[in-house]
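Structure first, then comments.
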Amino acid sequence: MAKNFVTRSENYSEWYNELVIKADLAENSAVRGCMVIKPYGYAIWEKMQQTLDKMFKDTGHVNAYFPLFIPKSFFEKEAEHVEGFAKECAVVTHSRLRAKQGMQTLEVDPDSKLEEELIVRPTSETIIWDTYKKWIQSYRDLPILCNQWANVVRWEMRTRMFLRTAEFLWQEGHTAHATEEEAVEEARKMLEVYATFAEKWLAIPVLKGRKSAQERFAGALETFCIEAMMQDGKALQAGTSHFLGQNFAKAFDVKFLNKENKLEYVWATSWGVSTRLMGALIMTHSDDNGLVLPPKLAPIQVVIIPIYKNEEQLAQISEKVSEWKKSLEDKGISVKYDDRESHKPGWKFNEYEFKGVPVRIAIGPRDLEEGTVEVSRRDTLEKEIFQQIDLASKIEHLLENIQQNLYQKALTLREEKTYKADTWEEFKDIIENKQGFALAHWDGTSETEQKIKEETKATIRVITFDGVEESGTCIYSGRPSGRRVVFAKAY
RNA sequence: CGGGGUAUAGCGUAGUCCGGCUAUCGCGCCUGCUUUGGGAGCAGGAGGUCGCAGGUUCGAAUCCUGCUACCCCGACCA
């Protein structure tokens, strides 16, 4: 039986997929693994873009754009980078098609074979460092603090809307510095930007820290990350910031003359977040009634729905609403007045709940008489009668309250689903049955990490910055350890 | 790339085992009237290469062969 509601099925993936499609965010495209982001979904992404872009600029960064195509040879220059990305690249080999059998079908023109294949960028470190080489001669040219908004392609085996699509939208920052300290500081600073964005705008609490060697970005000396917990207890990497050392400078021969007139290799960072954040947003806050958007990211923050029996009533309501709409908009709140006659109020209630609109105001004949409105908040689904006096301020306050509440709710869930594991049995129980984050001692070796992954599918998600010194023994090998790290199954 | 599943109208589906009349039903869509405080009611109507290509048969959505696409689980990954 077809339902317009999302009903949480046994399978979290199916629930997620259904939600994305029905909340009108995105749909599968004709191209395998790719996704059409629909206007409503894209409006959310635009809000993310605008906010992040401002944060980048406030920290001294500028935007630039680099080519989509990267010569294959560029990838060969950094050994670890090749290994990391070689298996998932889209490759351009020819430049022309020609007609076959009249004009019915087309085939690749063999005469148009490229001398060197072009890779559709999976990430832009190589082409950017090839460019930076031309930009940098002296310490006076540093630092370079560039960001690029772009699309990238990674030919993944298995894809999932927003979380792992073959093509995705992201921003990638690429910076060049004169000293190691400055580069490390930059990488840490941008991670803080991401963490602030996640917590204050997306209302998603995140753990900040570094990745283990095994989980590190291909070509980085250190990968910093923010890690979030989804409602099913699995971890989602929400953003990364890499300290690249001098790896790319050496690979692309980027040197500068320092104040002492000595040649030195440049130090680098790169950092990025993607449309995956949309997935994080959906999986963190949504419920069985649909999407739940934090007010700061909702394209529509307040929807007003009239209830009326005749034209006269509608006219009265519309007059009131246009006043409120203006005073709300003066406060920077985005308002939609849905006076469509094609749908009944009940329909609209459900529709906007589905799309995650934070606040709904309903006004009908009763309210006109009594000077009230019915206000419903999406996060708790609670309804309350407000006096019309000073409505805009009350709504403004409510939106802030919802933003806070969503963050608190997510934080509480994460805390409830985070456990200390002191034995191998406890550890397995947490990963397999309780399904959450396991704080456990680890001997620091990749071998142990690999074994744990093979036996439980859990990986080290993050070695948190604020972790406490505590001596213990590795849950797997029994060897000594100085602190706990966060293990979980991940998306 | 391995394992499992699915493909019938815009969406969701019945029918497939055991071949047979005009391919079922719901949502949505169009027209009209009545409705409007949580997905409206009635009446009428439009909409289909049954995933694609072959084959078997008097006759195929249904049986056979091949192909393709999508979904889920794994491996890979942000």
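Side-chain atoms are counted along with the backbone in the values below, which use heavy atoms only and exclude waters and symmetry mates.
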* Asked: For the residue pair A:Trp424 and A:Tyr476, does the interplanar ring angle fall in the parallel (under 30°), tilted (30 to 60°) or perpendicular (over 60°) class?
  ->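 Because their plane-to-plane angle is over 60°, the rings of A:Trp424 and A:Tyr476 count as perpendicular.
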
* Asked: NZ of A:Lys355: more than 12 outside heavy atoms within 6.0 angstrom?
  -> yes

* To do: Kindly check if the number of other-residue, nucleotide or ligand heavy atoms within 6.0 Å of CH2 (A:Trp155) is above 12?
  =>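 Result for CH2/A:Trp155: open.
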
Base, sugar-phosphate alone, or nothing: which one does [X] contact when heavy atoms must sit under 4.0 Å apart?
| X | value |
| --- | --- |
| A:Leu163 | base |
| A:Glu374 | base |
| A:Gln237 | sugar-phosphate |

* Are side-chain N/O atoms of A:Thr459 and A:Arg461 paired as donor and acceptor at under 3.5 Å? ->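 Side chains of A:Thr459 and A:Arg461: pair found under 3.5 Å.
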
* Asked: Any N or O donor-acceptor pair linking the side chain of A:Lys383 to the base of B:G37 at under 3.5 Å?
  -> no

Distance between the [atom1] atoms of [N] and [M], in whole angstroms?
| N | M | atom1 | result |
| --- | --- | --- | --- |
| B:G37 | B:A23 | P | 40 Å |
| B:G26 | B:C71 | P | 30 Å |
| B:C67 | B:G3 | P | 14 Å |
| B:U57 | B:G74 | C1' | 43 Å |

* Ignoring backbone atoms, establish whether A:Lys344 has a side-chain N or O less than 4.0 Å from OP1 or OP2 of B:A40. =>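 Checking A:Lys344 against B:A40: at least one side-chain N or O falls below 4.0 Å of OP1 or OP2.
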
* For B:C72, take OP1 and OP2 only and decide whether either is under 4.0 Å from a side-chain N or O of A:Asn17. => yes

* **Comparing A:Arg360 and A:Arg461 on RNA chain B - which has the more 5′ nearest nucleotide** => A:Arg360

* Which residue lies toward the 5' end of RNA chain B, A:Ser274 or A:Leu381, if each is placed at its nearest nucleotide? -> A:Leu381

* May I have the distance from A:Ile304 (atom CD1) to B:G37 (atom P), rounded to whole angstrom? =>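 Answer to the nearest Å: 18 Å.
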
Both distances under 3.5 Å, Watson-Crick or G-U wobble: report the partner of [N], or none.
| N | answer |
| --- | --- |
| B:G44 | B:C30 |
| B:U24 | none |
| B:G74 | B:C1 |
| B:G38 | none |
| B:G19 | none |

* Sorted by number, the residues of residues 202-226 of chain A with heavy-atom contact under 4.0 Å to RNA chain B ->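 Close to the strand, none.
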
* **Closest non-hydrogen atom pair, A:Gln301 against A:Pro358** =>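 Heavy atoms of A:Gln301 and A:Pro358 come nearest at O-CD, 3.5 Å.
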
* To do: Let me know which of A:Tyr194, A:Phe243, A:Phe465 forms a ring-ring contact (aromatic ring centres under 6.0 Å, His included) with A:Phe224.
  => A:Phe465

* **A:Ser270 and A:Glu125: CA distance, side-chain angles, deciding distance, side-chain hydrogen bond (donor to acceptor under 3.5 Å, both in side chains) verdict** => CA-CA 8 Å; A:Ser270 69; A:Glu125 274 78 6; 2.7 Å; yes

